[in-house]
There are 4 protein chains.
Amino acid sequence: MAPPVPSSTDTRSRILDAAARLFHEQGFNATGVSTILREAGVNPGSLYNLYPSKDALLAAVLERYTQLLHPVVMAPVEAATADPIDRIFALLKQYRDWFLPLEFRLGCPIGNLALEVADSHPEIRPLIQQNFDGWCGYVKKWLAEAGDRLPASLDRDALAATVLTVMEGGLMQARSSRSAVAYDASVAQLRSYIDLLLARASGERSRG
Amino acid sequence: MAPPVPSSTDTRSRILDAAARLFHEQGFNATGVSTILREAGVNPGSLYNLYPSKDALLAAVLERYTQLLHPVVMAPVEAATADPIDRIFALLKQYRDWFLPLEFRLGCPIGNLALEVADSHPEIRPLIQQNFDGWCGYVKKWLAEAGDRLPASLDRDALAATVLTVMEGGLMQARSSRSAVAYDASVAQLRSYIDLLLARASGERSRG
Amino acid sequence: MAPPVPSSTDTRSRILDAAARLFHEQGFNATGVSTILREAGVNPGSLYNLYPSKDALLAAVLERYTQLLHPVVMAPVEAATADPIDRIFALLKQYRDWFLPLEFRLGCPIGNLALEVADSHPEIRPLIQQNFDGWCGYVKKWLAEAGDRLPASLDRDALAATVLTVMEGGLMQARSSRSAVAYDASVAQLRSYIDLLLARASGERSRG
Amino acid sequence: MAPPVPSSTDTRSRILDAAARLFHEQGFNATGVSTILREAGVNPGSLYNLYPSKDALLAAVLERYTQLLHPVVMAPVEAATADPIDRIFALLKQYRDWFLPLEFRLGCPIGNLALEVADSHPEIRPLIQQNFDGWCGYVKKWLAEAGDRLPASLDRDALAATVLTVMEGGLMQARSSRSAVAYDASVAQLRSYIDLLLARASGERSRG
DNA sequence: TATGAATGAGGGTTCATTCAT
DNA sequence: CATGAATGAACCCTCATTCAT
């Protein structure tokens, strides 16, 4: 028999859930610790037992995003889509599907924090970078799997970074306009670019 | 003889300068009104005489960014670079040149505010959008000037949005990594894409 | 031909009107000078030219209430009611008629100020007292006119003070309950008392 | 052994004591929270931990006045005076004795608040009314105990309301004049009225 | 370990008033 | 005399955090 989940774990989860949600909805600075406490149903002393500061809680939230990257973000894409190139656009479509019903409110939780705390919280910046690296890592893996369907001369790492650029830059404009137009436009240009790359590689292969 | 600049204008400018700088350096929520007052050398009553709230001051800052878009951002690019396609990359290089000495701290002042206040301040969102629209407007103009050097089938508005996407998404990653790598990579992919478009249009033209 | 009313008089009137209304509606401390300025359509400099302070404005408002006592409060009663005893109850009914449509909001402007500023503004207290004295003066005059319809032993000054007591005490309870019950009850007891006095005096006269 | 009084209760009491005293001395609007904090020796966070706003503190003060009505106001009267009719005048004399040494400064704390906040604070009005109802309740009880010493036809509730009217209306005039004259006059007229009622009832009883 | 009161610096804003134009 | 920006103390309240129980 498994031991009962200790209540501290439960408390820890409730805090992390509430903090992650509120940081996403309101931003880090606009979220008061007291709001987190209320939403998590926890006392200040309990929170400060588990996390020595609001900043430490932010770090924990970002660690959890790292853990959730695969199960929440990447696994659904990989499960639904087999072709590595298609997976890139399935990933971009997944964000669209998440945020369209919200009229593109909220935005990327990592991207939001990147712009809000990267300068003020030096100890947090690496955790953001870790999330971006993980995200790009999946894209790089897919691009590697695409093998010679893409030109040999293509800088696959640069393209992976660009996919993240398209997601973050597109989502930023979508939030500002409450519309999908700029996001869709950016994704379409990326599609067009990759199609040109695929065509060139195909030509190279047939000539090769 | 022109009348002396009224002192109120001076006060207004000092407030706007300080607010714009601090919002850029620290973010909107992390900047206290008292800090703005101290840096501007102004009393609370004076500020609230000119701007009824911190939010109104934010709106004024964003209006000013709209006014500064041409003289500060676009005019230098257009003065230094004649070719419309080259202007796009000169613009992207200008941001690189601005932020490289800062190790990519600060980031885009509009983009930062977009992610920080777009949801919480509905009245501010249109002002952010206005800045993005103005920015893309210049790129659209340049793309139009490129005429048939670009394929007729190209969605020039979509490409303009993508240029902004590359700038914002690239800058976000640059801030997170304190490095130019992802920014340069994204710009390089855009360059590669546009080169492919130019090549295709050139082929179309010669085939006539 | 009369000279045109100087604009300063107009300004003065607009300020007094606004101040009197706002002090009545919101109280003295709860009314900001800026609100008075806005409602009067006047600039701070203009107000402070005419009245050196908010307290001086309050004094002017109370002076004006003294001037308005006859035309606004007493003249209508005396015009509508001839019998001196009836005038007392007509006066009390006039307040009821004024405040019933407001569910007894606002209350007596003098009484409100009496309780709010009597202690903190020693220079204002005599002006409040002057209003009360004027008010009681009319009641005393009527009681004198009632002659031997009232007992010779009756302290007419004390009864006049009591009429004011009934008005103020009754109105206070009416405001607290948003109902006429306590006001009507107090007036009815006064009516009953005066009826007993009239009956006794009548007996004395017939025996006399 | 009883547990020591928890310090929270102590803090709460110090806040309530200071707030009640200052609201009484200066009025609600003229009393700053910072003054309450200083006088209570308490930090802002402590106050707002116990009371979510200045208005909530006002409500608590009025609740406490309700609790204190019996021990502070009514019990001394009932202890010192047995006869129910005499108790009414002992109560009115108690107020006189309290305020005469102050030259009738301060006034009734409930009455002051009634006029200052009844309109602006709808949630407070019922608490004021509750105090008035409690006060009148004692007078009603005494009038009931007077039985057939008073005329059967007398509206005892109306007379009770009138007693409060006399206290509040009399105290208002006493504050304005810094003299007992109008207060004493009003009480004397009430005495005269009740004597007439007692005489009439006595006559009715003897005629039986 | 859980609780929630206590801490005190700082939040954004309004106040009555003055003064330069 | 009108204007409205400037003044700076004070307003009510919230912040992240600590500590006694």
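The chains referred to below are lettered A, B, ... by the order of the sequence lines, with proteins before strands, and numbering in each begins at 1.
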Residues at least two apart in sequence or cross-chain that pass side chain to side chain contact (heavy atoms under 4.5 Å, CB included) with A/Pro109, listed by chain then number, are A/His24, A/Tyr65
With sequence neighbours left out, the residues meeting side-chain hydrogen bond (donor to acceptor under 3.5 Å, both in side chains) with B/Arg64 are B/Asp17
For residues 115-126 of chain D, pull every pair meeting side chain to side chain donor-acceptor pair (under 3.5 Å), keeping only residues two or more places apart or in separate chains. C/Arg175-D/Asp119, D/Asn29-D/Glu116, D/Asp55-D/His121
So, A/Thr31 and A/Gln26: side-chain donor and acceptor under 3.5 Å apart, yes or no? yes
Just how far, in rounded Å, is P of F/dG4 from CG of C/Asn49? 15 Å
When the distance from CG of A/Leu50 to C1' of E/dT3 is rounded to whole Å, what number comes out? 14 Å
Check the distance between F/dG4's P and B/Leu47's CG and give it to me in whole angstrom. 19 Å
For C/Arg38, salt bridge (Lys or Arg N to Asp or Glu O under 4.0 Å) partners two or more places apart: none
Enumerate the side chain to side chain donor-acceptor pair (under 3.5 Å) contacts for residues 39-51 of chain D, please, sequence neighbours excluded, ordered by first and then second residue. D/Arg21-D/Glu39
Interatomic distance, C/Asp10 CG vs F/dA2 P [rounded to whole Å]: 11 Å
d(CG, B/Leu16; C1', F/dA5) in whole Å: 15 Å
Which residues pass the side-chain hydrogen bond (donor to acceptor under 3.5 Å, both in side chains) test with D/Thr66, not counting sequence neighbours? D/Gln130, D/Asn131
Please state how far atom CD1 in C/Ile36 lies from atom C1' in E/dC15, giving the value in whole angstrom units. 12 Å
Runs of at least three Watson-Crick or G-U pairs with DNA chain E, cut-off 3.5 Å: E:2-21 with F:2-21
Taking only the side-chain nitrogens and oxygens of A/Asn43, find out if one of them lies under 4.0 Å from OP1 or OP2 of E/dG4. yes
The salt bridge (Lys or Arg N to Asp or Glu O under 4.0 Å) partners of B/Arg105 (sequence neighbours excluded) come to B/Glu103
Hey, does the side chain of D/Ser46 come within less than 4.0 Å of E/dT7's phosphate (OP1/OP2), counting only N and O? yes
Under a 4.0 Å heavy-atom criterion, the protein footprint on nucleotides 15-21 of chain F, written with B, S and -, is SSBBB--
Per nearest nucleotide of DNA chain F, the residue lying toward the 5' end, B/Gly41 or C/Val42, is C/Val42
Taking atom P of E/dG10 as reference, at what distance in whole Å does atom CD of B/Gln26 sit? 14 Å
Whole angstrom value for the distance that separates P of F/dC11 from CG of D/Leu22: 12 Å
Report the distance from atom CG of A/Leu106 to atom CG of B/Leu115, rounding to the nearest 0.5 Å. 11.5 Å
